Each structure stands twice: as C-alpha cells, then as structure tokens.
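Contents: one structure, followed by commentary.
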Amino acid sequence: MIQLKNIHKSFGKNKIIKGIDLTVSKGEVVVILGPSGSGKTTLLRCINFLEHADEGEVTIDNFTVNCKHCSKKDIQTLRMKTAMVFQQFNLFKNKTALENVIESLIVVKKMSKDTAVQKGMELLTRVGLADKVSSYPSELSGGQQQRVGIARALAINPEVMLFDEPTSALDPELKGEVLAAIKKVAQEGITMIIVTHEVRFAYDTASRVVFMDNGVIVEQGLPADIIFHPKEERTKQFMGNITPDNSFSANSGKTN
C-alpha cells in the first residue's frame, strides 16, 4: 500500500531524514513515536509532498513518485490518495462544520451539493457531531474542531490517512474524544500513519509502532514489544522516560 524508499530531507545543512525505508500494508495502523526533533512530522509530510524530499521514492497504491524527478501532476495524483489531519485543525472559520466537510466533495470530487450534504451529514455523525453540523469553528471546542477535521479528511475517501500530532493542540480533557474518534476509524480498516506522543493510544490502536530518532528508524515492531520490551538502547532510554507516567503495563491488556 505505502512504500518509502531511501527518503532523505535536509533544511540547509541540517539533515532531518537520513535514508528512511518504510512499508505499510493496506489496513495497517502505524504509529510513529520519538522525541521532538527526531524527524517524525517531516517524514509524514514527505509522504504527500507537503515537504519535498531531496531523494528517494514514495509509492502509494502502486503509484510511485521519484522525489528528485517528479511533475506537479505526479504530486497531485499522489496527494489525491491521501488525506491529512493537522495539529492546528485548519478549518475555514467562516464555514459551518458541515460546510467545512463538504467543501472538498464539491470542489475536488465535483459532487452535487445535495449528495455532498448527505455525505457530510453521515461523516459528522460518524465522528459524533450530528448535533453540530450548523456550528461554526468558534462555537466548537478544540476536540470538536479536530473531529470535524477527521470527517473532512474522510470525505475524499482516501487510500491513506496521515495524522500529525492530532491531539497536541488540545487540553488533556479533550484528547480522549479525538483519540476515540481516530480509533473508531482505524477499526474500519483504513490505512493510517499517525505521529503522536500518546503512548497509551499507540498501545491500544496501532498494528505497529515505529520509533524514530535523529532522522532514522531506530526500531519497529508490535506495540507491546516496542513500548515495554525494546531491543535498542535508544528506544529503551526513551520508553523508560515516558512509560512510568502511563497508568498501564504490558500485562494490563488492550482497551476495547
């Protein structure tokens, strides 16, 4: 489904991504963990060319783009296969929740307004916002705005959903509702790559956890293995610093 080959990305003399290879199967939920500055978000943005990698190849659903030699059409085709949920919601402030969701259906998918509205209502219901379709972003909590963002991403029926720290801008009490919405979507079999610091969420939801540091993948595997039984010293150090703060253990079992 997704294959990244030899991805490199620098900003000036600062090498952020250093030759990463990663394969994600259809329906897999891959969570990327790692310290701030490790390159997680940059790697995510290289997948849909929000950041243009200096070298390497990105393949989604058998469509491959060479990062060094690609056209605008190639990039647009690849982007049509993905949808991204950002840290900072990025909703249109002058549009209602429903209007935010149906914008891409009408403009990009060329769907009739009536059909788009029906689809938009279904998507907002899917993320628990059936009663907020006419609300503007200023009338919604941060968690509700992010759930509108998830519905908007789902609207284009993407092959892959990319999440960039989807709860980082939220108060702790609002994180749960967003993580629950993402988990529900994940259970529907949509391929996802999620950058987050929410270790419990990774443990509960991911098919696989990837640990990054200093622009490379240090280690990857099953969530319990990476979080509680890492093999690499850098992973052990990172997980040792954060797992004591989480009220769960390797023997606690996953939540439903």
Side-chain angles (χ1 to χ4, degrees), residues 29-34 36 40-41 44-45 48 50 82-105 116-158 160-207 209 223 227 242-243 245-248 254-256:
V29 179
V30 171
V31 171
I32 303 178
L33 298 176
S36 298
K40 307 183 301 295
T41 290
L44 193 75
R45 291 170 67 87
N48 65 356
L50 288 178
T82 72
M84 193 160 185
V85 177
F86 298 90
Q87 297 178 30
Q88 298 293 339
F89 321 141
N90 289 357
L91 300 180
F92 296 111
K93 298 185 184 301
N94 63 335
K95 294 181 183 294
T96 65
L98 180 61
E99 288 168 341
N100 267 280
V101 172
I102 68 175
E103 177 81 6
S104 61
L105 295 176
V117 166
Q118 181 179 352
K119 179 71 172 177
M121 294 285 288
E122 291 171 359
L123 289 167
L124 287 169
T125 299
R126 196 164 154 190
V127 297
L129 293 175
D131 60 336
K132 299 294 183 181
V133 295
S134 298
S135 298
Y136 289 89
S138 62
E139 300 171 323
L140 301 172
S141 70
Q144 290 168 337
Q145 289 184 62
Q146 191 61 291
R147 282 189 281 157
V148 173
I150 294 169
R152 180 179 59 184
L154 286 167
I156 63 172
N157 195 28
V160 178
M161 290 189 70
L162 308 172
F163 293 83
D164 180 20
E165 296 281 10
T167 61
S168 66
L170 300 176
D171 293 334
E173 63 186 283
L174 299 177
K175 289 182 179 182
E177 65 188 60
V178 173
L179 294 175
I182 296 172
K183 185 175 181 179
K184 181 179 178 182
V185 173
Q187 290 169 342
E188 297 172 4
I190 296 176
T191 308
M192 294 183 176
I193 302 179
I194 305 169
V195 168
T196 184
H197 286 103
E198 302 291 337
V199 178
R200 179 66 201 240
F201 172 74
Y203 178 71
D204 283 344
T205 308
S207 310
V209 168
I227 295 170
I242 60 175
T243 51
D245 296 329
N246 290 273
S247 57
F248 71 103
K254 293 196 174 188
T255 59
N256 293 319

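Computed from a prediction, not measured in an experiment: that's the story for all the values here.
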[X] to [Y] - nearest heavy-atom pair and separation:
X: E165; Y: T196; answer: OE1-CA, 3.4 Å
X: A153; Y: V85; answer: CB-CG2, 3.8 Å
X: D204; Y: K183; answer: CB-NZ, 4.0 Å
X: A206; Y: P223; answer: O-CG, 3.3 Å
X: A151; Y: V127; answer: CB-CG2, 4.1 Å
X: E177; Y: Q144; answer: OE2-N, 3.3 Å

Please name all residues satisfying side chain to side chain contact (heavy atoms under 4.5 Å, CB included) with Q118, sequence neighbours left out, ordered by chain then number. E122

Side chain proximity check, [X] to [Y], heavy atoms < 4.5 angstrom:
X: E103; Y: R152; answer: no
X: E198; Y: P166; answer: no
X: T96; Y: V133; answer: no
X: F86; Y: L50; answer: yes

To the nearest 0.5 angstrom, please state how far the [atom1] atom of [X] sits from the [atom2] atom of [Y].
X: E99; Y: L91; atom1: CD; atom2: CG; value: 12.0 Å
X: N100; Y: F89; atom1: CG; atom2: CZ; value: 12.5 Å
X: R147; Y: S141; atom1: CZ; atom2: OG; value: 6.5 Å
X: L33; Y: K40; atom1: CG; atom2: NZ; value: 8.0 Å
X: M121; Y: I102; atom1: CE; atom2: CD1; value: 10.5 Å
X: L162; Y: L44; atom1: CG; atom2: CG; value: 4.5 Å

Could you tell me whether the side chain of T167 and the main chain of L170 form a donor-acceptor pair under 3.5 Å?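 Between the backbone of L170 and the side chain of T167 there is no qualifying donor-acceptor contact (under 3.5 Å).
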
Flag, side chain of S207 to backbone of V30, donor-acceptor distance under 3.5 Å: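 No.
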
side-chain hydrogen bond (donor to acceptor under 3.5 Å, both in side chains) involving E188 - partner list, sequence neighbours excluded: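 By the side-chain hydrogen bond (donor to acceptor under 3.5 Å, both in side chains) rule, E188 matches R126.
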
Partner set under side-chain hydrogen bond (donor to acceptor under 3.5 Å, both in side chains) for T41, not counting sequence neighbours: D164

Criterion side chain to side chain contact (heavy atoms under 4.5 Å, CB included) on I182 and M192, from CA distance to verdict: CA-CA 10 Å; I182 296 172; M192 294 183 176; 4.1 Å; yes

So if I apply the side-chain contact (heavy atoms from CB on, under 4.5 Å) rule between K119 and each of L124, V101, L105, which one comes out positive? L105

Criterion side chain to side chain contact (heavy atoms under 4.5 Å, CB included) on V178 and I150, from CA distance to verdict: CA-CA 9 Å; V178 173; I150 294 169; 4.2 Å; yes

How far apart are the C-alpha atoms of F163 and V31, what are their side-chain angles, what is the distance that settles it, and do they pass the side chain to side chain contact (heavy atoms under 4.5 Å, CB included) test? CA-CA 9 Å; F163 293 83; V31 171; over 6 Å; no

Is it true that, when you exclude E139 itself, more than 12 heavy atoms of the residues, nucleotides or ligands shown sit nearer than 6.0 Å to its CD?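 Yes, enclosed.
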
